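Just below is one structure, and these are the notes that go with it.
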Amino acid sequence: METDNATPRWLTEDEQCAWRTYLAVNRLLTYQLEKDLQPFGLTYNDYEILVNLSESEGLRMRMSDLATSTLQSKSRLSHQITRMENAGLVRRENCESDRRGLYAVLTDDGLATMQKVAPHHVASVRKHYIDLMTPEALAALRVTLGPIAEHLHTQRGKS
């Protein structure tokens with residue numbers, strides 16, 4: 001990140017309000033979605049991994065790609081996958097083309113869990129986010145956040 005020794009560009013009152021509102025929504029929404037997954041014995045991270053695997057060809061992803069996709073370190077993901085393996089949701093498989101590589105693979109139980117939980121998760125997303133906005137507000141949000149997401153993806157690639 002570039003820094004300048006000049007006087008900081010402090011946020012205006014409106015900018016500060018927008019920033020803090022975003023932070024509050026981000027934290028509170030994540031908390032609520034996590035809370036709504038608890039009756040199924042899943043964390044938000046567990047669910048994100050199940051989603052990624054369920055949407056991948058062959059219900060599998062290389063561990064390194066899954067770590068990148070879920071914004072986790074390889075070490076943290078490895079611990080997460082171990083917990084999910086113990087619960088019977090995923091398994092590890094060796095990568096035939098690269099003996100050092102490993103796949104995380106969704107098990108039949110993991111897929112059944114995903115199919116059971118997904119409707120409840122979508123209902124939670126609707127209740128606490130989507131249904132609280134008009135279609136116009138959702139469209140504006142996509143337009144507003146799109147460039148920020150693109151910028152952050154680009155920054156992530158530079159790390």
Side-chain angles (χ1 to χ4, degrees), residues 1-2 18-19 21-133 137-159:
M1 180 171 89
E2 294 179 26
W19 174 242
T21 300
Y22 165 78
L23 289 176
V25 167
N26 184 347
R27 288 182 185 129
L28 290 166
L29 183 60
T30 300
Y31 171 83
Q32 185 63 53
L33 296 175
E34 177 101 24
K35 183 178 170 189
D36 291 348
L37 288 169
Q38 285 176 352
F40 301 98
L42 297 175
T43 67
Y44 194 76
N45 284 335
D46 293 336
Y47 187 77
E48 184 178 18
I49 289 168
L50 292 176
V51 167
N52 274 271
L53 294 175
S54 72
E55 294 176 349
S56 296
E57 186 176 332
L59 304 177
R60 69 178 53 222
M61 286 181 76
R62 288 182 67 103
M63 291 283 286
S64 57
D65 294 337
L66 187 56
T68 300
S69 177
T70 59
L71 298 176
Q72 294 187 53
S73 68
K74 291 177 186 177
S75 173
R76 180 173 178 190
L77 178 68
S78 181
H79 290 295
Q80 181 85 27
I81 292 296
T82 296
R83 286 192 300 277
M84 294 177 76
E85 273 184 307
N86 291 337
L89 301 172
V90 299
R91 69 177 180 275
R92 287 182 173 99
E93 287 183 1
N94 291 324
C95 178
E96 296 296 324
S97 62
D98 177 2
R99 296 198 187 271
R100 295 175 299 159
L102 285 174
Y103 284 106
V105 182
L106 192 62
T107 63
D108 290 343
D109 285 347
L111 182 58
T113 297
M114 183 67 204
Q115 291 169 338
K116 176 178 136 187
V117 175
H120 297 278
H121 179 70
V122 170
S124 181
V125 170
R126 284 199 164 284
K127 177 181 180 181
H128 303 295
Y129 187 74
I130 299 295
D131 291 346
L132 300 175
M133 290 185 270
L138 282 170
L141 192 60
R142 282 192 309 273
V143 168
T144 301
L145 295 180
I148 297 168
E150 288 179 33
H151 167 76
L152 293 172
H153 281 294
T154 300
Q155 294 301 304
R156 187 169 156 227
K158 292 180 181 179
S159 303

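As the structure is a prediction and not an experimental result, all values here were calculated from the model.
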If you look only at distance, which donor and acceptor atoms sit under 3.5 Å apart when one is on a side chain in residues 123-130 and the other is two or more places apart or in another chain?
residue: Ser124; atom: OG; partner: Asp36; partner atom: OD2; Å: 2.5
residue: Arg126; atom: NH1; partner: Asp131; partner atom: OD1; Å: 3.2
residue: His128; atom: NE2; partner: Asp36; partner atom: OD2; Å: 3.3

Going from [atom1] on [X] to [atom2] on [Y], what distance comes out if it is rounded to the nearest 0.5 angstrom?
| X | Y | atom1 | atom2 | answer |
| --- | --- | --- | --- | --- |
| Leu28 | Lys35 | CG | NZ | 11.5 Å |
| Thr30 | Gln32 | OG1 | CD | 10.5 Å |
| Met61 | Thr70 | CE | OG1 | 8.0 Å |
| Leu138 | Met133 | CG | CE | 4.5 Å |
| His79 | Arg83 | NE2 | CZ | 8.0 Å |
| Thr82 | Leu77 | OG1 | CG | 9.0 Å |

The test is side-chain contact (heavy atoms from CB on, under 4.5 Å); show your working for Val105 and Val90 and say whether it passes. CA-CA 5 Å; Val105 182; Val90 299; over 6 Å; no

Any side-chain heavy-atom pair of [X] and [Y] under 4.5 Å:
| X | Y | result |
| --- | --- | --- |
| Leu106 | Leu89 | no |
| Leu145 | Ile148 | yes |
| Ile81 | Leu66 | yes |

Are more than 12 heavy atoms, taken from residues, nucleotides or ligands other than Tyr22, located less than 6.0 Å from that residue's OH atom? no

With a sphere of 6.0 Å drawn around CG of Asp108, does it hold more than 12 non-hydrogen atoms of other residues, nucleotides or ligands? no

Could you tell me whether the side chain of Ser54 and the main chain of Val51 form a donor-acceptor pair under 3.5 Å? yes

I'd like to know if the side chain of Ser69 reaches the main chain of Asp65, judged simply by a donor and an acceptor atom lying under 3.5 Å from each other, with no hydrogens or angles considered. no

Those residues at least two apart in sequence (or on a different chain) that pass side chain to side chain contact (heavy atoms under 4.5 Å, CB included) with Ser78 are Arg92

Search all heavy atoms of Ser64 against all heavy atoms of Lys74 and return the closest pair with its distance. CB-CE, 4.0 Å

For Lys116 and Phe40 the tightest heavy-atom approach is CE-CD2, 3.8 Å

Ignoring hydrogens and angles, write down the donor-acceptor pairs under 3.5 Å from the side chains of residues 41-50, residues two or more places apart or on other chains.
residue: Thr43; atom: OG1; partner: Asn45; partner atom: N; Å: 3.4
residue: Thr43; atom: OG1; partner: Asp46; partner atom: N; Å: 2.9
residue: Thr43; atom: OG1; partner: Asp46; partner atom: OD1; Å: 3.4
residue: Thr43; atom: OG1; partner: Asp46; partner atom: OD2; Å: 3.2
residue: Asp46; atom: OD1; partner: Gln80; partner atom: NE2; Å: 2.3
residue: Asp46; atom: OD2; partner: Thr43; partner atom: N; Å: 2.9

